[in-house]
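What follows is a short report on a single structure.
Chain naming here is simple, since letters A, B, ... match the order of the sequence lines and numbering starts at 1 in each.
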Amino acid sequence: MVTRLSTYFLRTLRDDPSDAEVTSHRLLVRAGYIRRQAPGVFAWLPIGLKVKAKIEAIVREEMAAAGAFEVHFPALLPREPFEATGRWEEYGDALFRLQDRKGADYLLAPTHEEVFTLLVKDLYASYKDLPLSIYQIQDKYRDEARPRAGLLRGREFTMKDAYSFDYTDAGLDASYQRQRDAYERIFSRLGLEYVIVKADAGAMGGSQSEEFLHPTPVGEDTFVRSAGGYAANVEAFTTVVPEARPIEGLADAVVHDTPDTPTIQTLVDVANAHHPRDDGRPWTAADTLKNVVLALVALDGTRELVIVGLPGDRDVDLKRIEVAFAPAEVEAATETDFAKNPGLVKGYIGPWSPAGAVLGEESITGIRYLVDPRVVDGTEWITGANEQGRHVFGLVAGRDFTADGVVEASTVVAGDPAPDGSGPVELARGMELGHVFQLGRKFAHALGLKVLDENGKLVTVTMGSYGIGITRVLATIAELNNDDRGLVWPLTVAPFDVHVVATGKDPLVFETAEGISAELESVGLDVLYDDRPKVSPGVKFGDAELIGVPIIVIAGRGVGEGTVEVWDRRTGEREPVAIADAAETVARFRSV
RNA sequence: CGGGGCGUAGCUCAGCUUGGUAGAGCGCCCGGUUUGGGACCGGGAGGUCGCAGGUUCGAAUCCUGUCGCCCCGACCA
């Protein structure tokens, strides 16, 4: 059936909506695809649903090809399964919680691991049933602290989430690989550039995890990559650990007066001015050891101080540190924290003092002390002497102090070596479109999903979880495919295959446009026909450009001479052709 | 949660400083003209000025409180 614009439920806006900043949001609202319902929550209009359905169809095809079966769970779920895995608490404020009339707790699912696991537990009990991959396309809910950028970061969003079930680690590897391969095909078909990066397994638990990031400056994730092929989310980046150096023969540590040096820069200046190195090389920030006081806030609200030591030329990366302490949150220590620990001399904190170790679980303060991986045995540092205005020079790791452990505490900077030896890394921003994840046995264990193996023994199932943000993908495609006049969809996801425009008032124009629409439809194309009477050509052209169907057929002043125009929005090419050749020209344009 | 901005017609906004009958453009309805780049003429419908309280003879405008939204940051399986 040809869709007629005169009666279609579509209304374009002449002005940009005042609450939309990013391009995809602005154009999707203006062209009548979506409407804002609440912050981060959107209603889908017919033309928007069509694009969404096209993306979902591609995903469904590739899921089927990967051997996954589609199911559908409610978005509204009871508390108990999430209680069993601990995620009712772990999710914190990001979880939408609600109660029924009896006061029973429910949630709007942020993701569905628990209920998929329980479904399989309900129905399967034998290794013979495995492997199994099942998925759904369903709306997810996360109460983001600040939804933004329209569909790119909503509180309700559509996600394809797949789950695999195996009873051996090798089986999980294979299932993971199948999903990963499917993702590569999906993003290729959608025409989206992507980088597969190593990801932090995070609070989900599990081992192997990779993200599919679309490189874009507006992305919310920072990742690194090397020319040699290494790619990782900065949160998952691991520092190349230098070789330990011999301690024998190193000079003794010396305490110097370094008045008014609360910052690394002031310290370096004073050190060079008053305590220069013997070898003539100037001191740099990299020679200093910066000790930063942080507070770990556990889920139950308890607060523990921890001190992190890192080279002075590096900044603390709280996100990277948080990976090590998940699910606890990490924040900078407050004045109150310092007041409770008078042993800490702000600006002059260090692990060593003449009276003994100051930092560490076995020290005077008893505060846990962790260092950056670069602080290996035999390295020498300038660091605080735990007295106002004094620093200790030549403090040797492994001789004068030892840490309780190592933590990835520092920011990653361009030029840092990749851990696999593939060269220096560069930093880039990316939008997370997909995530593949080896969950392992965490969920199966918590929920008691076990099967009998070949030997009749109960074994816990191992799982994978695989997500694609459908609505985020849609917004990303819109973000990528537009010009100053509107959207320009790729053929694969365009809401219609061709947009026929009738301009003028000549009945012959409308007859011609009708005929062409019918002909295009008869060869299997989905046609949007602008049959609106008494609407000026400028308005029709403007709407066609805004809506973004890539191929437009214009019936207008040429019909008297037997011609129409076929217009490829993607290239800007407009070609007058005989009416009889219109369908063929459309087909030719579609084939490139 | 910190910082900034904004709530007036369906949409985009003016009016507020200096209180005095609620405005414009677009959109919508009726009639007519127009038809290849967001036409025009005439007539019309449409708003508790976010909400509550206060000051005042009188509040969209001044004061207090409150709610909401947008942007930047923090946060974000």
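- Between the P atom of A9(B) and the CZ atom of R14(A) lies a distance of 19 Å, rounded to the nearest Å.
- Comparing the P positions of G47(B) and C1(B) gives a spacing of 36 Å, expressed to the nearest Å.
- C28(B) and G20(B): their C1' atoms are spaced 32 Å apart (whole Å).
- The side chain of S18(A) lies closest to C13(B), out of G38(B), C13(B), C76(B).
- A side-chain donor from one of H112(A) and Q136(A) sits under 3.5 Å from a side-chain acceptor of the other.
- Taking the P atom of each, C16(B) and G50(B) are spaced 15 Å apart, rounded to whole Å.
- Side chain R153(A) to base C76(B): a donor-acceptor pair is found below 3.5 Å.
- Cation-pi geometry between R97(A) and W88(A) is satisfied (NZ or CZ under 6.0 Å from the ring centre, within 45° of the ring normal).
- Comment: E144(A) engages R153(A) in a salt bridge, judged by a side-chain N to carboxylate O separation of less than 4.0 angstrom.
- Between Y135(A) and Y163(A), the ring centre distance reaches or exceeds 6.0 Å.
- If you check every strand for non-hydrogen atoms under 4.0 Å, A94(A) touches nothing.
- On a pure distance criterion of 3.5 Å, a polar donor-acceptor pair joins the side chain of R574(A) and the base of G37(B).
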